[in-house]
Amino acid sequence: MLMSPDSPWFRLSTFGHAGTTTNEYPKDSDMVESFECTKTQINKYKLTLLKPSIRALLQSNKISIRMDARGFLSLQYMIKTEDGNTCFVEYLCAPDEDNED
């Protein structure tokens, strides 16, 4: 995952046996309501750790994505309930550390 104050601003990439995919989102995209970034960050996260958050993603109306200076990822999902109330689900994930000794 890349976040940058300059283009491409926000990039999601993954790779596996079937190949590689990359999606870039400009800060003025219709999907982006607000974008704030002062320093370029590139962090890796294990897909197996992010996979449980997909259930909340499927139910969400809006999503907030944040990374702190250490690379910790916060995914906050805004979900409208059947009775019209709004609730939030937050998912936190530590970055994958490279063990290069």
Side-chain angles (χ1 to χ4, degrees):
M1 180 178 294
L2 173 135
M3 281 189 172
S4 173
D6 304 306
S7 181
W9 295 288
F10 184 60
R11 176 187 295 151
L12 296 172
S13 302
T14 188
F15 63 92
H17 298 294
T20 301
T21 185
T22 299
N23 293 307
E24 294 181 354
Y25 302 93
K27 66 180 182 178
D28 58 354
S29 166
D30 290 341
M31 296 188 320
V32 178
E33 185 173 306
S34 172
F35 183 86
E36 295 178 29
C37 182
T38 58
K39 181 181 174 187
T40 299
Q41 281 189 283
I42 299 173
N43 294 294
K44 295 179 183 179
Y45 304 93
K46 292 189 183 285
L47 195 53
T48 55
L49 296 178
L50 293 173
K51 193 173 181 179
S53 72
I54 292 174
R55 289 184 69 191
L57 173 66
L58 295 174
Q59 300 296 318
S60 66
N61 299 90
K62 289 186 179 182
I63 304 165
S64 170
I65 302 172
R66 297 183 303 258
M67 274 193 283
D68 70 10
R70 300 170 299 165
F72 278 80
L73 180 66
S74 167
L75 302 170
Q76 188 178 59
Y77 304 98
M78 184 179 84
I79 301 171
K80 297 274 187 184
T81 62
E82 291 178 7
D83 58 1
N85 292 319
T86 300
C87 68
F88 294 90
V89 175
E90 188 165 22
Y91 191 82
L92 304 170
C93 187
D96 191 21
E97 295 181 358
D98 292 330
N99 293 324
E100 295 179 20
D101 294 331

side-chain hydrogen bond (donor to acceptor under 3.5 Å, both in side chains) partners for [X], two or more places apart:
{"X": "S34", "result": "none"}
{"X": "S29", "result": "none"}
{"X": "E36", "result": "none"}
{"X": "K46", "result": "none"}

Pairs meeting criterion salt bridge (Lys or Arg N to Asp or Glu O under 4.0 Å) with involvement of residues 2-20, two or more places apart: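 Checked against salt bridge (Lys or Arg N to Asp or Glu O under 4.0 Å) - neighbours excluded - the pairs reaching residues 2-20 are R11-E24.
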Set of residues satisfying ring-ring contact (aromatic ring centres under 6.0 Å, His included) with respect to F10, sequence neighbours excluded: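 So F10 forms a ring-ring contact (aromatic ring centres under 6.0 Å, His included) with Y25.
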Connected-component partners of L47 among ILVMFWY, side-chain separation under 4.5 Å: none
Tell me, please, which residues at least two apart from [X] pass side-chain contact (heavy atoms from CB on, under 4.5 Å).
{"X": "D83", "value": "T81, N85"}
{"X": "E90", "value": "R66, S74, Q76, L92"}
{"X": "D30", "value": "none"}

Same apolar cluster (I L V M F W Y, side chains within < 4.5 Å links), F72/M1: no
side-chain hydrogen bond (donor to acceptor under 3.5 Å, both in side chains) contacts in which one or both residues fall within residues 47-57, not counting sequence neighbours: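 As it turns out, the side-chain hydrogen bond (donor to acceptor under 3.5 Å, both in side chains) pairs with a partner in residues 47-57, which skip direct neighbours, are S53-Y77.
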Results of salt bridge (charged side-chain N to carboxylate O under 4.0 Å, His left out) for E82 - residues two or more places apart only: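 E82: no salt bridge (charged side-chain N to carboxylate O under 4.0 Å, His left out) contacts found.
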